[in-house]
Amino acid sequence: MNQTTSARPSPPSPSPAPEAAAAARGLSRTYGSGPTAVHALHEVDLDLPRGRFTAVMGRSGSGKSTLMHCLAGLDQPSAGTVTIAGTTITGLGDDDLTRFRRDHLGFVFQAFNLLPMLTARQNVLLPLELGGRRIDREVRARLDHVVEVLDLVDRLDHRPGELSGGQQQRVAIARALVSEPDLVFADEPTGNLDSETSAEVLGLLRRGVHELGQTVVMVTHELEAAAHADDVVVLADGRVREHLTSPDAETVTQALLGSALDGSALGVPVGGGTR
Amino acid sequence: MRTVLLASLRVHTRRYVAALLAVGLAVAFVVATDALSSAARSGLNAGVGAPYASADLVVGESYGMSVEDEERAGEVARGAGGSTATIGRAWEQLTSEDGRQLDAETSIGTVSTDQEFRWQEVVSGRAPTRDDEALVDERAATSRSIKVGDTLTIGSGSDVLEVTVVGVAAPASYLSAPVYVPWEALRELPGAQPDVVLVDAGASGADVEALTADLSSAVGTSVRPTAEFVDERRTQVNDGIDVVSYLVLVFAAVAAFVAVLVVANTFTILFAQRSRDLALLRAVGARRRQLLRAVRLEALLIGVLASTVGLVVGGLGGLGITAAVRAVAGPERIGAVSWSPGWWVAAFVGGVLVTVVASWWPTRSVVRISPLAALRPEEPTHAGSAVGRRRIALGVAVAALGAVPLGIGIATMHLWLAMLGCFATFVGVLVLGPVLVPAVIRLIGRGLGRSGAPARLAVDNAVRNPRRTAATTASLLVGVTLTATVLTVMATGRGAMEADMDQEHPVDLVLSSTTAASDTVLEKVAGTQGVEQAVGVPGTTASAGDLGEVAVLAPDDATSAATRDGGAALTVGADEVLVPSDAKGLGDVGIPERLTLKGPAGVVELTTRLVPSRFGGAFVVAPATLERLTPEPEMQAVWARAESGADADDLGGSLGLIAREGGLELTNQLDRRAWVDVQLDVLVGAVVGLLGIAVLIALAGIGNTLGLSVLERGRENALVRALGLTRGQLRRSLGVEGLLLAAAAGLLGTALGIGYAWAGVRTVIDVAVPDATMVVPYGQLALVVLVAAVAGLVACIVPARRAGRIAPAEGLVAD
Ligand SMILES: Nc1ncnc2c1ncn2[C@@H]1O[C@H](COP(=O)(O)OP(=O)(O)O)[C@@H](O)[C@H]1O
Ligand SMILES: [Mg+2]
């Protein structure tokens with residue numbers, strides 16, 4: 001792995017905490033230019049601690065997805081640096097970045113998580129196969145464990161078309177966990193699911209984090225979803241509004257309400273997220 | 001609905017590129033054919049009148065006339081105070097002064113010593129005024145290095161003509177020949193054929209009708225005014241060109257068929273991708289008929305656009321190709337292009353029709369879209385539905401039905417029936433495509449799968465939608481199947497012909513005479529570059545009654561090694577004599593059943609056996625027979641076998657010199673072989689080249705399908721990129737997908753082609769050569785598959801690059 005460091009000058013922010021799984025410094029992302037430019041992220045400084053399940057919250061359009069894309073190296077920020085597991089990924093070339101994602105990151109998206117022509121098992125093993133890793137006994141043992149935790153044992157040979165929405169998301173989670181990545185990113189993983197299935201999937205994700213010792217960053221705008229997380233980062237207008245460690249529901253609601261008032265003068269539904 | 005139509009045309013025109021290309025190419029093909037044939041026609045037409053211009057009457061038919069009629073016509077016309085000139089032709093060997101063989105067999109034309117009747121334009125030197133003077137064609141003079149003042153020998157054996165070159169003629173488009181000599185000299189050669197006699201009524205000009213009547217009663221052929229005769233010739237020439245251009249149109253029809261497949265596939269994919277938009281239109285109140293009319297109008301407009309582009313491209317391309325051909329073939333052969341409105345209209349209407357017909361079924365599916373489809377959440381394109389049993393049953397039924405006429409056609413050697421059967425079975429294969437093609441792709445993919453994830457993804461992607469896969473490869477399948485069929489039939493035909501040639505011309509080059517050859521000659525021949533083996537053949541000269549002095553050869557085992565057929569043609573019994581088809585006097589005297597040969601030492605009576613083989617005019621007997629004729633056989637002939645790939649003309653030139661020094665004569669049979677080879681090569685090249693246009697259209701289709709699939713799979717591609725597929729791997733994966741599609745079509749098409757070629761051989765070649773052995777040109781077929789596969793790879797360069805440029809985050813948010 002090519003461990004290039006960023007060519008950008010270091011921003012005048014505190015250096016990343018040593019135990020952080022991911023750290024962003026002065027992270028900005030601007031779409032377009034001139035008067036119509038949209039500042040989706042504005043000089044974000046963020047440390048995500050290792051071994052925790054962090055929810056990134058905020059109302060629609062607050063920059064959650066953009067933050068995740070930049071943190072995960074799916075998009076190039078306009079300014080700032082992102083460091084994951086000691087590697088500064090901003091400034092890496094496309095191929096190095098791709099390999100970094102393959103070897104160090106896992107993903108769960110809201111929809112279209114799986115390739116329709118592959119079976120669940122093939123989908124789960126896809127990142128390993130892309131990396132040319134041999135499916136040895138160790139990998140198989142982990143696959144068995146993950147699949148058992150996620151209750152997918154008898155679904156592995158089905159294609160996505162034959163699985164329910166919840167099962168599809170669980171396959172995606174299995175894929176994100178099986179390669180033991182440094183960091184798992186989940187963008188609204190329950191956005192397409194009913195609340196009961198959501199709770200089940202999130203419970204499994206949380207169980208995966210704690211039992212398999214992973215670090216997970218989940219983007220969501222649902223309070224119920226955030227309730228499963230350890231920590232909550234609240235975004236508003238492309239800035240980090242709060243970073244709450246093990247908050248209770250009340251605190252999160254207050255923070256969200258505050259961010260909403262901050263973001264716009266209009267009233268915001270409280271408690272039910274921004275649905 | 002107008003706004004919707006215009007907006008969708010604006011947005012989707014890029015996606016119609018393949019349809020535009022396919023139809024445009026087919027239309028351009030037709031227009032370019034018109035350009036070339038009209039240019040060829042005007043070139044030839046300009047020349048047709050010239051040779052006859054100065055005559056009042058022309059005696060003779062278009063297929064020539066008899067020698068007697070030629071003589072009588074001359075007598076009658078001259079008796080009435082007119083003057084005449086004969087146009088004729090002979091096919092003879094042409095040798096230079098120093099013994100260089102310039103041509104083993106070439107056409108010798110006529111030139112009149114009378115300036116009035118001379119149609120050739122002399123560009124240097126002067127026109128012949130005596131019978132032993134000749135004119136050479138400017139091109140021939142350059143290629144064979146003949147100069148004014150050279151002496152040429154025309155013919156071989158005892159009937160030869162020696163002429164002096166006095167001038168050089170400009171290349172002609174009609175009645176052209178490398179050498180022109182006066183008919184009065186040419187007629188002395190046994191092979192000379194009069195074509196027509198030109199008559200100038202001269203002073204009796206007023207009495208042309210009386211002369212016509214006199215001539216008509218004197219000759220057994222027609223006598224016509226020049227204008228009438230020229231008209232007929234012109235019509236013949238034009239008919240010949242028309243036949244060629246209609247043959248070319250057959251390939252245009254193939255191209256159009258392939259275009260139909262490509263266009264239908266493009267529309268199917270496009271409407272599948274737009275079904276949500278269309279459903280939304282239905283939901284907001286568009287009636288079915290309105291929708292159908294809108295998409296059909298869209299197809300019509302695409303057809304009109306494509307055909308217009310095709311006309312322009314074909315017109316310009318036709319002018320370009322014509323100019324290129326003119327530069328190579330000479331301005332006298334290719335004249336000015338004159339456009340035929342009929343062809344243009346036909347090409348345009350054909351192009352529009354192709355588009356509309358091809359889009360008919362895909363647009364019908366639009367009607368079945370329910371407004372509800374718009375409300376369903378957008379789902380990723382799932383693996384295509386499994387191939388229905390009904391389709392399999394239909395495909396098998398069509399193929400089986402086609403097998404019936406095919407079988408009967410082969411059994412009864414009925415070409416049309418066999419072709420009908422081939423077509424029907426091919427349609428059956430196309431219907432079965434969704435089963436066959438993915439199976440072939442999986443088979444190839446099994447080998448590729450181990451080479452990594454990108455290749456495995458490519459295999460999975462290539463077979464995920466079997467119907468689309470089959471539809472995409474169908475167009476290429478047509479081209480490859482036809483190409484493989486043609487190549488295999490031609491190879492088999494060539495093989496049959498070669499076996500024939502081996503028998504007819506067992507020896508490449510023969511140096512012989514009625515006098516013996518020397519060891520020096522043998523050594524020189526053996527040492528000549530391009531000669532693989534040279535042997536001296538023992539023999540003697542004998543007198544054979546009415547046939548006169550003849551050469552008699554008795555080949556031994558060593559001699560057989562120099563023949564093409566390993567001596568098979570030389571098998572002769574002890575009481576037999578082989579009479580070759582080029583034996584002296586064969587036509588004049590006739591060959592008796594038993595022949596008495598009188599040699600230096602004895603007389604033998606032998607049974608004659610006529611054989612198709614030629615040994616430079618010599619008779620062949622067994623070694624024992626030779627012993628009875630002479631106690632001391634001499635080296636009567638030198639036989640040489642050429643190395644494969646040796647140039648027939650070069651070898652003829654060098655061996656001609658050796659032959660002359662040794663007082664021998666050269667018979668070049670390699671030349672005939674080379675000529676046949678060139679004809680076959682040109683034919684194969686032309687057919688494959690013409691099929692190339694269909695293959696090109698098919699490849700545009702593959703590129704387009706991949707391009708549309710890339711658009712469709714934007715999210716999936718973003719997903720695999722997020723999961724760790726590098727940009728290069730994604731590109732490679734798409735490349736492999738294109739390669740797989742093309743290779744599958746290539747393999748399947750080649751297999752089908754060999755099958756159809758077998759049917760073709762049994763119905764066509766068997767008529768001429770019974771039980772011809774199938775020759776499968778593995779090398780050429782492998783090349784076809786390779787070219788198809790590489791072209792498939794090339795076809796997806798653009799889609800692959802486009803897919804690689806999209807950043808993962810971009811793909812994840814895009815619809
Ligand atoms: N490709 C893009 N071009 C222009 N603006 C964009 C683009 N993607 C996102 N944005 C804008 O950036 C802001 C943040 O978007 P996003 O990160 O998707 O928000 P969230 O995920 O929190 O809903 C929004 O105002 C959105 O309109
Ligand atoms: Mg979002």
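In what follows, chains carry the letters A, B, and so on, assigned in the order in which the sequence lines appear, proteins first and then strands, with residues in each chain numbered from 1. All values reported here derive from a predicted model rather than from experimental measurement.
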Next on the checklist: Is it the case that the side chain of A/Arg101 and the backbone of B/Leu723 share a donor-acceptor pair, with hydrogens and angles ignored and the cut-off at 3.5 Å?
Outcome noted: no
Next on the checklist: Within the structure provided, determine whether A/Pro116 and B/Glu716 are in side-chain contact (heavy-atom separation under 4.5 Å).
Outcome noted: yes
Item to check | side-chain contact (heavy atoms from CB on, under 4.5 Å) evaluation trace for A/Leu115 with B/Leu457 | outcome: CA-CA 10 Å; A/Leu115 293 186; B/Leu457 273 181; 3.6 Å; yes
Checklist outcome for this item: Taken to the nearest 0.5 Å, the spacing of B/Arg713 CZ from A/Met117 CE works out to 6.5 Å
Item to check | Atom group of B/Val463 that falls short of 4.5 Å from chain A, counting heavy atoms | outcome: neither
Checklist entry - With distance as the sole criterion, is a donor-acceptor pair present between the side chains of B/Thr726 and A/Arg99 under 3.5 Å? => result no
Checklist entry - Relative to chain B, which of A/Leu105, A/Leu97, A/Thr98, A/Thr66 shows the most heavy atom pairs under 4.5 Å? => result A/Thr98
Checklist entry - What part of A/Gln122 is in contact with chain B, defined as an atom under 4.5 angstrom from a non-hydrogen atom: side chain, backbone, both or neither? => result side chain
Next on the checklist: Rounded at 0.5 Å granularity, tell me how far CG in B/Asp460 sits from OG1 in A/Thr119.
Outcome noted: 9.5 Å
Checklist outcome for this item: Residues at least two apart in sequence or cross-chain that pass ring pair (Phe, Tyr, Trp, His ring centres under 6.0 Å) with A/Phe109, listed by chain then number, are A/Phe107
Checklist entry - Less than 4.0 Å between a side-chain N and a carboxylate O, is that true for B/Arg805 and A/Asp94? => result no
Checklist entry - Which bit of A/Leu130 is near chain B, if near means a heavy-atom gap under 4.5 Å: side chain, backbone, both or neither? => result both
Checklist entry - Using non-hydrogen atoms only, which part of A/Leu118 is less than 4.5 Å away from chain B: side chain, backbone, both, or neither? => result side chain
